[in-house]
There are 2 protein chains.
Amino acid sequence: MKSDKISEAVVRRLPVYLRYLNELHTREVPTVSSQELGQKLDLNPAQIRKDLAYFGDFGRKGIGYDVSYLIEKIRHILKLDQQINVALIGAGNLGHALSNYNAYLQETMKIVAVFDSYTPKVGTQINTLTVQPIDELSETVQSKHIRVGIITVPNTEAQRVADQLIEAGIEAILNFAPIILKTPPHVRVHTADFTTDLLSLAYYLEDGKELETNEQLTE
Amino acid sequence: MKSDKISEAVVRRLPVYLRYLNELHTREVPTVSSQELGQKLDLNPAQIRKDLAYFGDFGRKGIGYDVSYLIEKIRHILKLDQQINVALIGAGNLGHALSNYNAYLQETMKIVAVFDSYTPKVGTQINTLTVQPIDELSETVQSKHIRVGIITVPNTEAQRVADQLIEAGIEAILNFAPIILKTPPHVRVHTADFTTDLLSLAYYLEDGKELETNEQLTE
DNA sequence: TAGATTGTTAATCGATTAACAATC
DNA sequence: TAGATTGTTAATCGATTAACAATC
């Protein structure tokens with residue numbers, strides 16, 4: 001196939017493939033079929049083949065996909081064959097948590113700066129990074145060649161921080177605040193909103209299992 | 001319309017509606033149209049009307065939707081008109097961060113217990129909760145009528161914890177570990193995997209903006 | 001009444017899955 | 001050669017959007 005416009009659904013599956021392929025690589029498994037991948041990742045094998053075929057002929061008929069080769073290809077497609085510097089804005093608990101995830105980010109996306117507007121936080125250490133005041137954002141984005149921003153500030157500040165990031169020339173944003181950011185079309189925004197995930201989960205709970213009002217809770 | 005099987009996409013938008021409706025309610029706005037909602041939430045007004053119409057006729061032609069009434073209805077649909085108790089497994093930074101979000105959870109989903117398998121963490125306080133050893137999970141799930149589990153443990157432990165939660169009779173899981181959990185069909189699992197969000201963001205970065213190898217980084 | 005907006009049908013668009021020839 | 005598995009087309013399925021009669 002090759003080319004066409006690629007849908008977001010396809011792009012979002014690529015990191016999932018990559019993650020499992022890395023695991024296979026560690027286990028020194030040389031090749032993998034779309035069948036096996038599908039089983040492991042709960043996806044239809046035809047869908048996996050189609051996803052990959054958008055970008056090239058990576059497999060071999062009768063054999064499957066070479067694990068190392070496919071890793072290389074997907075990393076290239078996702079632009080993860082270069083280091084991508086990331087800034088974290090918001091040094092609260094969530095920011096702290098995320099700063100530990102560098103290892104999961106294919107070692108190519110990397111949080112290289114942390115900012116907070118709350119004065120007592122400025123100057124403290126998060127892992128190896130020193131929390132900077134937010135007004136150094138623009139300068140640091142330039143000097144450290146930061147292309148992606150992660151917003152972990154309170155709701156009320158999220159839009160303002162987004163504006164500042166865009167002003168500073170950032171290209172993409174991962175937003176953890178449960179609000180809809182207004183951004184220009186050239187800046188890609190993904191929202192990681194766990195409150196939506198959790199609240200929508202409630203819909204699928206079974207009916208008739210609520211607490212009875214007279215039921216006693218052991219504390 | 002009313003009824004039919006409701007797609008996951010529809011269910012996932014309900015909390016988004018709810019969140020903004022609550023904001024309108026706070027601002028004492030009495031009614032809202034699908035047009036206004038769509039503008040604010042970046043959604044097609046027809047889609048919003050259709051989503052709501054799956055569950056009943058909540059609007060008034062020529063007027064729009066009564067904010068308070070719609071809040072009540074959506075809360076009922078999402079089963080958020082009762083308290084839903086939640087357990088958090090994993091008392092690391094991420095667990096810590098999430099335990100502060102109770103306020104965003106419509107005050108009906110509530111984290112009422114925290115567990116960790118790492119002995120030194122057991123007994124420490126997270127907000128008002130004392131971290132419990134993981135082998136108290138089953139008992140506490142029963143006694144506190146916990147229906148939902150949030151997994152914030154390391155990758156390697158996630159599947160085991162999921163199994164324990166299911167064994168304990170939990171009905172739904174929000175999984176933060178970047179792996180695909182294997183679970184029986186009656187247990188609903190949502191995955192909140194920010195690494196996928198972030199890595200897929202890289203795809204949308206502009207080409208030709210990589211760091212030149214000879215470019216100097218100011219530290 | 002005139003203007004606004006719903007609920008719903010029909011049209012469109014897009015994504016997933018099945019099927020199979022090609023070929024390792 | 002026989003078995004396995006890809007890449008791709010066609011079929012299916014599902015979700016979004018447009019349009020409009022009904023009506024507040």
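In what follows, chains carry the letters A, B, and so on, assigned in the order in which the sequence lines appear, proteins first and then strands, with residues in each chain numbered from 1.
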I need the [atom1]-[atom2] distance between [X] and [N], as an integer number of Å.
X	N	atom1	atom2	value
A:L52	D:dT5	CG	C1'	13 Å
A:Q47	D:dC13	CD	P	16 Å
A:E8	C:dG14	CD	C1'	13 Å
B:R12	D:dT16	CZ	P	13 Å
B:D42	D:dT16	CG	P	14 Å
B:F55	C:dT6	CZ	P	17 Å
B:I6	D:dA15	CD1	P	10 Å
A:D51	C:dT16	CG	P	7 Å

Taking everything shown except [X] itself, do over 12 heavy atoms lie less than 6.0 Å from its [atom1]?
X	atom1	value
A:R60	CZ	no
A:K182	NZ	yes
A:E8	CD	yes

Any donor-acceptor N or O pair under 3.5 Å, side chains A:D163, A:Q159:
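Indeed, the side chains of A:D163 and A:Q159 share at least one donor-acceptor pair under 3.5 Å.
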
Would you please say whether a donor-acceptor pair under 3.5 Å links the side chains of A:H190 and A:R188?
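Yes, a side-chain donor-acceptor pair sits under 3.5 Å.
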
Please round to the nearest 0.5 Å and tell me the distance separating atom [atom1] of [X] and atom [atom2] of [Y].
X	Y	atom1	atom2	value
B:L199	A:L18	CG	CG	7.0 Å
B:L181	B:I166	CG	CD1	7.5 Å
B:F176	B:L94	CZ	CG	5.5 Å

Which dot-bracket string describes DNA chain D (Watson-Crick N1-N3 plus N6-O4 or O6-N4, or G-U N1-O2 and O6-N3, all under 3.5 Å; [ ] crossing; | other strand)?
..||||||||||||||||||||||

Under 4.0 Å between a Lys/Arg side-chain N and an Asp/Glu carboxylate O for A:E36 and A:K40?
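Salt bridge flag = no for A:K40 with A:E36.
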
Below 4.0 angstrom, N of the basic side chain to O of the carboxylate: do B:E23 and B:R27 qualify?
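So B:E23 pairs with B:R27 through a salt bridge.
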
Pair A:Y20, B:I180 - check side-chain contact (heavy atoms from CB on, under 4.5 Å), show working.
CA-CA 10 Å; A:Y20 184 60; B:I180 311 294; over 6 Å; no

With a 4.0 Å heavy-atom cut-off, tell me which residues in residues 64-77 of chain B come close to DNA chain C, sorted by residue number.
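Heavy-atom contacts with DNA chain C come from B:G64, B:Y65.
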
Closest to the A:K50 side chain, choosing from C:dG7, C:dT6, D:dA10:
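Looking only at side-chain atoms, A:K50 lies closest to D:dA10.
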
Closest approach to the side chain of B:S7, judged atom by atom: which nucleotide of D:dT16, D:dA15, D:dT9 is it?
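Closest of the options to the side chain of B:S7: D:dA15.
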
Please compare A:L43 and B:Q35 by the position of their nearest nucleotide in DNA chain C and report the one closer to 5'.
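Result of the comparison: B:Q35.
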
Toward the 5' end of DNA chain C, which comes first, B:A46 or A:N44, by nearest nucleotide?
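It is B:A46 whose nearest nucleotide is closer to the 5' end.
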
Does the side-chain contact (heavy atoms from CB on, under 4.5 Å) test come out yes or no for B:Y101 and A:L198, once each step is laid out?
CA-CA 11 Å; B:Y101 272 73; A:L198 190 54; over 6 Å; no

Whether B:R49 contacts C:dT9 is assessed here as follows: a side-chain N or O lying under 4.0 Å from the phosphate OP1 or OP2. Is that the case?
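Result: no.
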
Do any side-chain nitrogens or oxygens of B:S34 fall under 4.0 Å of OP1 or OP2 in C:dT6?
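For C:dT6, OP1/OP2 do have a side-chain N/O of B:S34 under 4.0 Å.
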
Measure all distances between protein nitrogen or oxygen atoms and nitrogen or oxygen atoms of nucleotides 21-24 of chain D, and list the pairs falling under 3.5 Å.
residue: D:dC24; atom: O4'; partner: B:K61; partner atom: O; Å: 3.1
residue: D:dC24; atom: O3'; partner: B:R60; partner atom: NH1; Å: 3.0

